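The residues of the chain are indexed from 1 along the displayed sequence. Fair warning: this is a prediction, and the values are worked out from it, not measured in the lab.
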Amino acid sequence: MTRDPIGLALSIMNRISGNPLLDRLGLRSPLERTAYQGTRTGFRTIALAGREFKRVRNWLPRKRLPPGAPGDLFDLSLDDDQQMIVDSLKRLARDVLRPAAQEADEQGRLPEAVKHEAAALGLPMYAVPSEFGGVAEQQSPVTSVLIAEQLAWGDMALAIRLLVPFSVAQAISCWGNGEQQSRYLPAFCEDTPPVASLAIDEPTPLFDPMQPSTTATETDQGYRINGEKSFVIAGAECELLLVSAALNGTPRVFIIETAGLNLAIADTPGMGLRAAEATSVRFDNLDVPADALLGDDDFCFQAFIDRAALMRCGLAIGTAQAVLDYVIPYCNDRQAFGEPISHRQSVAFMISNMAIETDSMRMLTWRAASRAETGRSFHRESCLARLLCNEKSMEIGTNGVQLLGGHGFVKEHPVERWYRDLRSTATHHGGVHA
C-alpha cells in the first residue's frame, strides 16, 4: 500500500519517539521539539502544495451583493442576525482569545486551539454569497465592523490573524469577476479555508496606500510585479495574497496564489501585534497571469482602502473598550490613602474621557459603515473615523497604562500589551500623519 507524505511523516515521528536510546542519552526532549517543529513545517508545506485553485471553465455569473435598504433614521440597534453574531463572538473573545492572548504574544503565533475554535464559527462564510456556498445575502460593512470589534476585545493581534481570510473573501465577493469568484470563494466555505492575507503596507515613511511603490507592468502573458510589502499577516504560510501595486500609474489589486512561488519572506516581529505573525514579502520580477488582476473596470481602489480602514477602526474600538473595561474595576478596587483611587477627580475624569472617546470612535465608524452598507458615499466618513481612531486609540492605550501605575508596566496585567497593539493603529497603513 502506498503511503502519502503526511502518513510517512507521522511514521517517522513514531519511530523516533519509540526509541529507548533517547532516554538514556537524555535526548528525548530536544529531539521531540525538533521533530515537532520539522513536521509542523512539513505539514504546512504539504497542505499548501495540496490545495489547488483550479481555473473554472463554466463559472457562475459574477454575483454582486445588493446594498441594504437605507432607513429614514440612523438606527444603531442590531438586527437578530447581528446580535447572534455579536453574542457568539463575545463568548469566543472572553473564553478563548483573552485567556490565550498572553502566551500567543510571547510565542508570536496563533495557537492551534484558538484556530480550531474560531474555525468552528466559519467567519469567512459571512463574506461569501450563497451561490458560492456562503451565507451572505447583502453587503454588510456594519456586521464586519461588529465582528472586528468583538474579536479585538479578546485580543487585537489574534483578531487580525483570524480576520484576514474573511477580509480577502469579502474583497473577492465585492469586486471579483465571475471566474475569480467561482475559483476562490467556494474554498472559503470549506472546513479548512485557505490561509489568505492582504499585502498593502510598504516599508516607506508616511506610506500612502494610494501611491504604492510596488509596480505591475504588463507582459505578453499577464503582469510582472516588483516591490516589497510589510506587515503581511501570516505571510509565511499564506496560500492566497491580495497585493496592491501601481499599474500604469493607477493602484490596483492582484490575486496571487503562492503555491510553488519562491517569494522572499522574512519574519518582522514588532513591539505589538506579535501573534498576528507579520512578515515582509518581496516580489522580484514575479510573473502572474492576466486573470490575477482583481475585478474589472468598475474596481474602485479608494473604496477598497476605505473598507479596510473601517475594519482597522473596528479593531481599535474593540481594544479600546477592553482597556476601559479593565481599568474601571481596577481603579474602584485599588486603594490609596484609605480610599479607591477612582475617588480622585483626576482619575475619574481620565476614565470618563476614555469612555467618551471610545463611544465617539464607535459612532463615527458605525456611521461610515452604515453609509457603505446602504450604497451611499462613505469616503469622507471613513477618513474621519480613521483619523479619530488613530489619535484616540493611542491616547486610550497610554492612559490605560498610566491609570495602573507600576502595574501598567508589567506583563501581569494585559494593559501593556493593549498599549503596544494600539500603537499600530496610528503607525500602519500610513499612520496618523498620512
Side-chain angles (χ1 to χ4, degrees), residues 76 78 83 86-107 111 113-114 117 146-160 271-275 313-363 365 388-426:
L76 296 178
L78 307 183
Q83 191 63 57
V86 166
D87 291 342
S88 299
L89 294 180
K90 187 175 295 184
R91 287 192 295 269
L92 177 71
R94 182 191 64 226
D95 300 337
V96 179
L97 301 190
R98 183 69 67 85
Q102 181 175 347
E103 182 181 358
D105 180 74
E106 293 172 354
Q107 296 184 355
V114 173
E117 290 287 345
L146 292 172
I147 291 173
E149 183 178 334
Q150 295 304 317
L151 290 178
W153 186 91
D155 183 68
M156 190 177 187
L158 293 176
I160 291 176
M271 66 175 287
L273 301 179
R274 296 178 58 83
C313 289
L315 293 166
I317 295 166
T319 309
Q321 186 67 54
V323 175
L324 182 63
D325 292 344
Y326 194 88
V327 300
I328 290 175
Y330 177 91
C331 293
N332 286 333
D333 295 339
R334 181 73 170 173
Q335 297 282 326
F337 304 104
E339 63 179 355
I341 63 173
S342 59
H343 290 185
R344 303 288 174 175
Q345 196 174 59
S346 60
V347 171
F349 282 177
M350 185 178 289
I351 294 175
S352 297
N353 286 335
M354 291 169 65
I356 292 169
E357 301 300 355
T358 300
D359 273 351
S360 299
M361 290 158 55
R362 183 177 287 113
M363 294 304 102
T365 302
L388 185 67
C389 290
N390 281 353
E391 294 182 348
K392 297 306 178 182
S393 63
M394 187 168 52
E395 180 182 314
I396 289 169
T398 301
N399 290 341
V401 171
Q402 190 67 36
L403 286 168
L404 265 67
H407 286 167
F409 196 70
V410 298
K411 292 184 179 296
E412 178 185 353
H413 298 271
V415 179
E416 63 86 24
R417 185 179 68 252
W418 295 334
Y419 164 79
R420 290 187 284 113
D421 290 347
L422 284 170
R423 292 291 302 181
S424 69
T425 308

Side chain to side chain, [X] and [Y], heavy atoms closer than 4.5 Å:
| X | Y | result |
| --- | --- | --- |
| Arg344 | Phe337 | yes |
| Thr425 | Met394 | no |
| Val415 | Tyr326 | yes |
| Asp155 | Arg98 | no |
| Glu149 | Arg362 | yes |
| Thr365 | Cys389 | yes |
| Arg334 | His407 | yes |

Give the minimum heavy-atom separation between [X] and [Y], together with the two atoms involved.
| X | Y | result |
| --- | --- | --- |
| Ser393 | Leu422 | O-CD1, 3.4 Å |
| Ile341 | Val347 | O-CB, 3.4 Å |
| Ala320 | Met361 | CB-CE, 4.3 Å |
| Ala275 | Leu158 | CB-CD2, 3.8 Å |

Original post:
Can Val410 and Glu416 be said to form a side-chain contact (heavy atoms from CB on, under 4.5 Å), step by step?
Top reply: CA-CA 7 Å; Val410 298; Glu416 63 86 24; over 6 Å; no
Got a second to check how far [X]'s [atom1] is from [Y]'s [atom2], nearest 0.5 Å?
| X | Y | atom1 | atom2 | answer |
| --- | --- | --- | --- | --- |
| Leu273 | Thr319 | CG | OG1 | 8.5 Å |
| Gln345 | Met350 | CD | CE | 12.5 Å |
| Met354 | Asp359 | CE | CG | 12.5 Å |
| Asn353 | Lys392 | CG | NZ | 8.5 Å |
| Cys313 | Leu388 | SG | CG | 8.5 Å |
| Trp153 | Leu97 | CH2 | CG | 10.0 Å |

Does [X] pair with [Y] as a salt bridge, N-O distance under 4.0 Å?
| X | Y | value |
| --- | --- | --- |
| Lys411 | Glu106 | no |
| Arg274 | Asp421 | no |
| Asp87 | Lys90 | no |

Subject >> side-chain contact (heavy atoms from CB on, under 4.5 Å), paired with Leu151, selected from Leu89, Leu146, Leu315 >> reply: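 Result for side-chain contact (heavy atoms from CB on, under 4.5 Å) with Leu151: Leu89.
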**OP:** Classify the side-chain pair Glu103/Gln107 by whether it contains a donor and acceptor separated by less than 3.5 Å.
**Re:**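 Checked: Glu103/Gln107 side chains pair up, N/O donor to acceptor below 3.5 Å.
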Original post:
Do Asn332 and Ser342 get their side chains close enough for a donor-acceptor pair, meaning under 3.5 Å?
Top reply: yes
**OP:** Count the heavy atoms of every other residue, nucleotide or ligand shown that sit under 6.0 Å from CZ of Arg423, and state whether that count exceeds 12.
**Re:** no
**OP:** List the steps, then state whether side-chain contact (heavy atoms from CB on, under 4.5 Å) holds for Thr398 with Tyr419.
**Re:** CA-CA 6 Å; Thr398 301; Tyr419 164 79; 3.5 Å; yes
Subject >> From CA spacing to verdict: side-chain contact (heavy atoms from CB on, under 4.5 Å), Leu404, Val327 >> reply: CA-CA 7 Å; Leu404 265 67; Val327 300; 3.8 Å; yes
